Engineer: 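One structure is given below, represented as structure tokens, and several questions about it will come after.
All heavy atoms count here, side chains included; hydrogens, waters and symmetry mates do not. Every value quoted in this text rests on a predicted model; they were computed, and no experiment measured them. Every chain is numbered from 1 and lettered A, B, ... according to where its sequence line falls, protein lines coming before strand lines.
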Amino acid sequence: MSYVAGFRVDFKPPVHPFFSSVAMRVLSLIRSRFAPVLATWIDDQELLNASLERIVSSRDATLADYQANLAMPLQKKLGKPPLTIAEDIMAGLDLGDICSSVTIAGQGYINLRLSPEWLAKSLSEAHADHERLAVTKVDNPKTYVIDFSSPNVAKPMHVGHIRSTVIGDSLSKILRFLGHKVITDNHLGDWGTQFGMIIYGYKHFRDEDAFARAPVAELSRLYREVQRIISYQDAERKLPTLELAIPKAEQKLADAKSKVAASPKDKKLAKESSSAENQLKELHEELNKAKETIDQAKSDTEFVARAQSHADLSQRVLRETSKLHQGDAENLKLWNDFLPNCKEEIHTVYQRLHVEFDYEYGESYYHDMLPMVVEDLLGRSMAVNSDGAICVFLDGYDAPMIVQKQDGAYLYATTDIATAMFREREFAPDACLYVVDHRQSEHFQKLFDVLRKIGITQTELNHVQFGTVLGKDGKPFKTRSGTVVGLESLLDESVERAWQVVCDPDRLKSAGSELTDAEKRHIAEVVGLGAIKYADLCHNRTSNYVFDMEKMVQLVGNTSAYIQYSYARTRSILRNGDTEGYNAARISNAEMVLATGPEMTLALQLLRFEDMLAQSMVDYLPNLLTEYLYETARLFSSFFEQCPVLKADNPETVLSRLKLTDLTGATLRKGLELLGIGVVERM
RNA sequence: GCACCCAUAGCUCAAUUGGAUAGAGCAUCGGUCUACGGAACCGAAGGUUCCAGGUUCGAACCCUGGUGGGUGUACCA
């Protein structure tokens, strides 16, 4: 079995995330009308496409529904003032069936208003298509491998895992809905040092009864115990160095300060001084932390005794890991015993989150391929022996990518290379998305660099990175005692808070319907989980975000609960309509008439669903979808307030507005579904 | 030291990737209505888009230089 030799190198068409490659119903229709007109002046295909891409939905609704911003950039090319260009284009355009007006404004903007009739017709088509809401599938589907969640199975999942899981799940759902082939792979950490830790812990610290009763809890306790000893030993080891470093840093600061005093205007010196100050501050912080760790440990004499009898524990752990990798029978047996338990534990979390994966190979799966990866890199002269480790040195980086340690062990870089090669061979993807914390960006840059060099040149390799989850203090989200927050307790808390907000007796009384306890529990679960997921997805993926439980379960503002509530309102009005004889069949057959401003605005928003989904996948940004849904819910509220539905003047209007309401609900439900969030019929 | 990311209203975030007068929500202030489910809707106020240059018809966005913050940086993942 030669994974390297069997590695696919055949060529595929290059992958470009261009608009033309994705479904865009309205935009592509309008653009297709502009294209022949522009082609009479523009020969250059690239310029033509670039111009067409300047036709966009209008940012400012008071100006236009859609606008073409293409006349201005063409003025030099065509040697005509932009207004003249716009006029010439307009003269050749045939948009009569789609638009009610086409006008020129400002320096040469061409503004389009959609005709209410065409809009109504399009939405009726969407309404008739329950499954897809008339969202078309892409002409040229791509194969995506999405690598996300990927927790270390030996430790409990915590808040840090939620973003990768939620974002990756949403990306996979949206891409699938758009017609792409998506392969999701949960690249579990099931083979690394953490297993060395629990194996060591199991051998030396286990509580037999506890393990028999609840293996996962006991393994997790063992993990924490080993971790605790290691950090204590680290602190003890680092303490003298830190204590020595501080006077040096103090001296450095004093020197820098005196230099600044001598020439106060020198910016460089000032910078050096402030940098010295920061360094000293960091040293103090580190020292305090070490002292704290030691003090805490020392208050527990039994613990100190344990730590002393297991000196250099981190080395011992590495030896256990190494034995496991070398096939040591005892360690392998323990690993085989532990793994199903660990997996079961994380699966319960995934089940609760309703997240599923196509594959869950995990790091261990690639273990046999690692020697070949290293051989291949050596054979290509890409890797060299440096200080006894096998390293790949890359342009632009000080530190090499280490693929094999001095002791012969492989690292996650090695596994990642093997994984990419395997996926290339097995799935032949057009794109491989790694939904991983931004802190690993350098690792992925190096990884992609290596993968390009070994021949993976036709696949879009993308580190879909995201920011850190912060607490209200602006620091990484931790409990008051400083430990990471367990994921399950977080979910429980969110559901509990959702219960308090949504199932408040006064509120339910005004809703006018009695809910059973089972219904209430279901609602709280859907709203609570939705809140956590939505809070994560609604922020720009790349920025850090502040975790605020209080805010995320509210029914007001940009929250999932507000959108879920809007959906429930659409269902409520349709139920009421049904009892008045406006049943589903009549609504389906009814003609939609968009007679008023709020109806038009809402309708236009609904029409944009597909274009927005496509746009959100250009840079893999689910927050464009959350924003769209929030805006849709708000426009529905506004419509609902201003346009009586069941109390409208005549049955035709009632039916038309019910149809619009139904489509709004369906769009909200589908949008939330694509985010991995559910809805309830009443709340 | 080097590399990457970030800086927009008091706060949390947008801005269709270079388009018109930079938008929402919270919070603040005002208004509507005995509600097709009021945790609603309508409105006001709030900005030198960190600073200084540059590129061009046009810059929050691109380039250069700075400032401030975050992250990573040789055998953990």
Engineer: With a 4.5 Å heavy-atom cut-off, do A/Gln233 and A/Ser314 have their side chains touching?
Structural biologist: no
Engineer: Give one of base, sugar-phosphate or nothing for A/Pro73, where a contact means two heavy atoms less than 4.0 Å apart.
Structural biologist: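 Counting heavy atoms under 4.0 Å across all strands, the contact made by A/Pro73 includes a base.
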Engineer: How many whole angstroms separate atom CG of A/Asn111 from atom C1' of B/G19?
Structural biologist: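 Going from A/Asn111 (CG) to B/G19 (C1'), I get 11 Å.
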Engineer: For A/Tyr434 and A/Gln465, test the side chains for any donor-to-acceptor distance below 3.5 angstrom and give the result as yes or no.
Structural biologist: no
Engineer: Applying side-chain contact (heavy atoms from CB on, under 4.5 Å), name anything that partners A/Asp185, two or more places apart in sequence or on another chain.
Structural biologist: A/Tyr359, A/Tyr361, A/Tyr366, A/Arg423
Engineer: Nearest of B/U12, B/C36, B/G70 to any side-chain atom of A/Asn576?
Structural biologist: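 The answer is B/C36, which lies nearest to the side chain.
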Engineer: How would you label the contact of A/Ala105 with the nucleic acid (heavy atoms, under 4.0 Å): base, sugar-phosphate, or nothing?
Structural biologist: base
Engineer: Give me each pair satisfying side chain to side chain donor-acceptor pair (under 3.5 Å) with a member in residues 71-85 of chain A, each pair once, sequence neighbours excluded.
Structural biologist: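 Of all non-adjacent pairs touching residues 71-85 of chain A, those that pass side chain to side chain donor-acceptor pair (under 3.5 Å) are A/Lys80-A/Asp88.
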Engineer: Determine the contact category for A/Met683: base if any of its heavy atoms lies under 4.0 Å from a base atom, sugar-phosphate if only primed atoms, P, OP1 or OP2 are that close, otherwise nothing.
Structural biologist: base
Engineer: Nearest nucleotide by nearest heavy atom, which residue falls closer to the 5' end of RNA chain B, A/Arg541 or A/Asp619?
Structural biologist: A/Arg541
Engineer: Using 0.5 Å steps for rounding, measure from the CD atom of A/Gln440 to the NZ atom of A/Lys446.
Structural biologist: 12.0 Å
Engineer: According to a strict under-4.0 Å criterion, is A/Ser637 in side-chain N/O contact with OP1 or OP2 of B/C41?
Structural biologist: yes
Engineer: At what distance, to the nearest 0.5 angstrom, does CG of A/Asp449 lie from CZ of A/Phe444?
Structural biologist: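 Reported value, rounded in 0.5 Å steps: 14.0 Å.
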Engineer: Check whether the side chain of A/Gln67 and the base of B/A20 form a donor-acceptor pair under 3.5 Å.
Structural biologist: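 Yes.
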Engineer: Would you tabulate the pairs of protein nitrogen or oxygen atoms and nucleotide nitrogen or oxygen atoms of nucleotides 71-74 of chain B closer than 3.5 angstrom?
Structural biologist:
from  : atom 1 : to       : atom 2 : distance (Å)
B/A74 : N6     : A/Ser386 : OG     : 3.4
B/A74 : N1     : A/Ser386 : OG     : 2.9

Engineer: Distance between the C1' atoms of B/G23 and B/C62, in whole angstroms?
Structural biologist: 23 Å
Engineer: Just the rounded figure in Å: distance from P of B/A39 to CD of A/Gln554.
Structural biologist: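 After rounding, the reported distance stands at 13 Å.
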Engineer: Classify the nucleic acid contact of A/Leu624 as base, sugar-phosphate or nothing, counting any heavy atom under 4.0 Å across all strands shown.
Structural biologist: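 Result for A/Leu624 = sugar-phosphate.
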Engineer: Map A/Gln75 and A/Lys647 onto RNA chain B by nearest heavy atom, then report which one ends up closer to the 5' terminus.
Structural biologist: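 That would be A/Lys647.
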Engineer: Which way is the base of B/U17 turned, syn or anti, if we draw the line at 90° from 0?
Structural biologist: syn
Engineer: Going by atom types only, do A/Asn650 and A/Thr653 share a side-chain donor-acceptor pair under 3.5 Å?
Structural biologist: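 Per modelled atom types, A/Asn650 and A/Thr653 side chains form a pair under 3.5 Å.
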Engineer: If you look only at pairs with a residue in residues 624-636 of chain A, which of them pass as a salt bridge (charged side-chain N to carboxylate O under 4.0 Å, His left out), with sequence neighbours excluded?
Structural biologist: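 Applying salt bridge (charged side-chain N to carboxylate O under 4.0 Å, His left out) to every pair that reaches into residues 624-636 of chain A, excluding sequence neighbours, yields A/Glu631-A/Arg634.
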Engineer: Would you tell me whether A/Gln642 and A/Ser638 have side-chain atoms, one donor and one acceptor, within less than 3.5 Å of each other?
Structural biologist: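 Distance-only check passes for A/Gln642 and A/Ser638.
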Engineer: So, A/Tyr534 and A/Asn558: side-chain donor and acceptor under 3.5 Å apart, yes or no?
Structural biologist: yes
Engineer: To the nearest Å, give me how far apart CG (A/Asn623) and P (B/U12) are.
Structural biologist: 17 Å
Engineer: At 4.0 Å (heavy atoms only), tell me whether A/Ser57 reaches a base, stays on the sugar-phosphate, or touches nothing.
Structural biologist: base
Engineer: What are the atom names and distances for every N/O pair under 3.5 Å that joins the protein to nucleotides 22-30 of chain B?
Structural biologist:
from  : atom 1 : to       : atom 2 : distance (Å)
B/A24 : O2'    : A/Arg634 : NH1    : 3.3

Engineer: Under the side chain to side chain donor-acceptor pair (under 3.5 Å) criterion, do A/Tyr628 and A/Gln605 qualify, and how do the steps go?
Structural biologist: CA-CA 8 Å; A/Tyr628 171 85; A/Gln605 173 76 1; 4.7 Å; no
Engineer: Heavy atoms only, 4.0 Å cut-off, all strands: where does A/Tyr562 land among base, sugar-phosphate and nothing?
Structural biologist: sugar-phosphate
Engineer: Output the rounded distance in Å from CG (A/Leu318) to P (B/C76).
Structural biologist: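 For the pair A/Leu318 CG and B/C76 P, the rounded distance is 6 Å.
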Engineer: Confirm from the modelled atom types if A/Gln107 and B/G19 form a donor-acceptor pair under 3.5 Å, side chain to base only.
Structural biologist: yes
Engineer: Whole Å only: how far is the NE2 atom of A/His161 from the C1' atom of B/A77?
Structural biologist: 10 Å
Engineer: Which part of the nucleic acid, if any, lies within contact of A/Gln406, taking any heavy atom under 4.0 Å across all strands shown: a base, the sugar-phosphate backbone alone, or nothing?
Structural biologist: base
Engineer: With distance as the sole test, does A/His367 use its side chain to make a donor-acceptor pair with the main-chain N or O of A/Thr415 at under 3.5 Å?
Structural biologist: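 Flag not set: sc A/His367 to bb A/Thr415 has no pair under 3.5 Å.
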Engineer: Just distance, no hydrogens or angles: give the donor-acceptor pairs under 3.5 Å from side chains in residues 60-67 of chain A, sequence neighbours left out.
Structural biologist:
from    : atom 1 : to       : atom 2 : distance (Å)
A/Asp60 : OD1    : A/Thr62  : N      : 3.0
A/Asp60 : OD1    : A/Thr62  : OG1    : 2.7
A/Asp60 : OD2    : A/Thr62  : OG1    : 3.4
A/Asp65 : OD1    : A/Arg113 : NH1    : 2.8
A/Asp65 : OD2    : A/Leu114 : N      : 2.9

Engineer: For RNA chain B, what residues of residues 409-418 of chain A have any heavy atom nearer than 4.0 Å?
Structural biologist: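 The answer is A/Leu411, A/Tyr412.
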Engineer: Considering only the P atoms, how many Å lie between B/G69 and B/U17, rounded to the nearest integer?
Structural biologist: 34 Å
Engineer: Given atom CE of A/Met197 and atom C1' of B/A77, what is their separation to the nearest angstrom?
Structural biologist: 12 Å
Engineer: How many whole angstroms separate atom CG of A/Leu621 from atom P of B/C61?
Structural biologist: 19 Å
Engineer: So, using salt bridge (charged side-chain N to carboxylate O under 4.0 Å, His left out) as the criterion, who are the partners of A/Arg228 when residues are at least two apart?
Structural biologist: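 By the salt bridge (charged side-chain N to carboxylate O under 4.0 Å, His left out) rule, A/Arg228 matches A/Asp300.
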Engineer: Counting only side-chain nitrogens and oxygens, does A/Ser572 get under 4.0 Å of the OP1 or OP2 atom of B/G37?
Structural biologist: yes
Engineer: Does anything in residues 400-420 of chain A pair up under ring-ring contact (aromatic ring centres under 6.0 Å, His included), and if so which pairs, sequence neighbours excluded?
Structural biologist: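 Qualifying pairs: A/Tyr412-A/His443.
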Engineer: Taking only the side-chain nitrogens and oxygens of A/Ser638, find out if one of them lies under 4.0 Å from OP1 or OP2 of B/C42.
Structural biologist: yes
Engineer: Looking at B/G19, does its base get a donor-acceptor pair with the side chain of A/Arg54 below 3.5 Å?
Structural biologist: yes
Engineer: Can you tell me which stems RNA chain B forms, taking runs of 3 or more consecutive Watson-Crick or G-U pairs with both distances under 3.5 Å?
Structural biologist: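 RNA chain B forms these stems: B:1-7 with B:67-73, B:10-13 with B:23-26, B:28-32 with B:40-44, B:50-54 with B:62-66.
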Engineer: Can you sort out the partners of A/Arg439 under salt bridge (charged side-chain N to carboxylate O under 4.0 Å, His left out), two or more places apart, ordered by chain and number?
Structural biologist: A/Asp437
Engineer: May I have the distance from A/Asp437 (atom CG) to B/C5 (atom C1'), rounded to whole angstrom?
Structural biologist: 12 Å
Engineer: Any N/O pairs under 3.5 Å between the protein and nucleotides 62-65 of chain B? List them or say none.
Structural biologist:
none

Engineer: What is the nucleic acid contact for A/Ser314, judged by heavy atoms within less than 4.0 Å: base, sugar-phosphate only, or nothing?
Structural biologist: nothing
Engineer: Could you check whether A/Arg237 pairs with A/Asp234 (Lys NZ or Arg NE/NH1/NH2 to Asp/Glu carboxylate O, under 4.0 Å)?
Structural biologist: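 Between A/Asp234 and A/Arg237 there is a salt bridge, with a charged N closer than 4.0 Å to a carboxylate O.
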